[in-house]
Amino acid sequence: PTEYEAGIQLTGSWGEWQRIKREWPEFRDKILIDWLCGAFLHQPTWAPGYDTDFGFYREGQNTLIREILLRSERAKNG
């Protein structure tokens, strides 16, 4: 998948990227979460001059990221 291209380039293969995500707890629990928040939640969803559809699209993205974060927290807490 293209959204993982940077990770694949960094590690050399899709399988290695999957292994790192699975076996490196700090990546799963801290690095990935911080990246998701920085890349999506801490960015504006809309600004004057943007198409209104862009705002709806970004809010949808943020909703998915919030759901991922919530499920991650639930999984950590049991």
Side-chain angles (χ1 to χ4, degrees):
T2 58
E3 62 268 21
Y4 300 117
E5 189 169 332
I8 294 168
Q9 288 177 1
L10 181 66
T11 59
S13 72
W14 173 254
E16 184 65 10
W17 173 241
Q18 292 299 314
R19 185 189 69 74
I20 286 174
K21 291 192 309 181
R22 184 177 55 250
E23 296 176 5
W24 188 19
E26 184 183 359
F27 178 83
R28 268 194 333 261
D29 300 338
K30 174 86 174 103
I31 297 169
L32 184 61
I33 300 302
D34 290 348
W35 177 81
L36 285 171
C37 289
F40 295 97
L41 293 181
H42 300 153
Q43 301 298 321
T45 55
W46 185 84
Y50 289 0
D51 188 354
T52 55
D53 290 342
F54 180 74
F56 289 115
Y57 171 78
R58 285 285 296 118
E59 274 302 318
Q61 277 184 326
N62 286 352
T63 299
L64 290 173
I65 299 303
R66 286 186 200 102
E67 184 67 25
I68 290 169
L69 296 174
L70 181 64
R71 289 180 184 213
S72 173
E73 200 58 38
R74 282 185 196 151
K76 280 193 260 180
N77 295 331

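Since we're looking at a predicted model, the values are computed, not measured. Sequence positions, counted from 1, serve as the residue numbers for this chain.
- Here L69 contributes atom CG and I33 contributes atom CD1; the two are 5.0 Å apart, rounded to the nearest 0.5 Å.
- For R58, the side-chain contact (heavy atoms from CB on, under 4.5 Å) criterion is met by F40, Q43, T45, F54, Q61, N62, not counting sequence neighbours.
- Residues that satisfy the side-chain contact (heavy atoms from CB on, under 4.5 Å) test with W24, not counting sequence neighbours, are I20, E26, F27, I31.
- Under the salt bridge (Lys or Arg N to Asp or Glu O under 4.0 Å) criterion, no residue pair touches residues 42-56, with sequence neighbours excluded.
- A donor-acceptor pair under 3.5 Å is formed between the side chain of W46 and the backbone N or O of Y50.
- Transitive grouping of hydrophobic side chains (ILVMFWY, heavy atoms separated by less than 4.5 Å) brings W17 and I68 into a common cluster.
- Listed by first then second residue, pairs satisfying side-chain hydrogen bond (donor to acceptor under 3.5 Å, both in side chains) with a partner in residues 68-78 read E67-R71, not counting sequence neighbours.
- In the hydrophobic clustering of ILVMFWY residues, with side-chain heavy atoms under 4.5 Å counting as a link, L36 and Y57 come out apart.
- Here E23 pairs with R19 under the side-chain contact (heavy atoms from CB on, under 4.5 Å) rule; sequence neighbours left out.
- How far CG of D29 is from CG of D34: 11.0 Å, rounded to the nearest 0.5 Å.
- For L64, the side-chain contact (heavy atoms from CB on, under 4.5 Å) criterion is met by no residue, not counting sequence neighbours.
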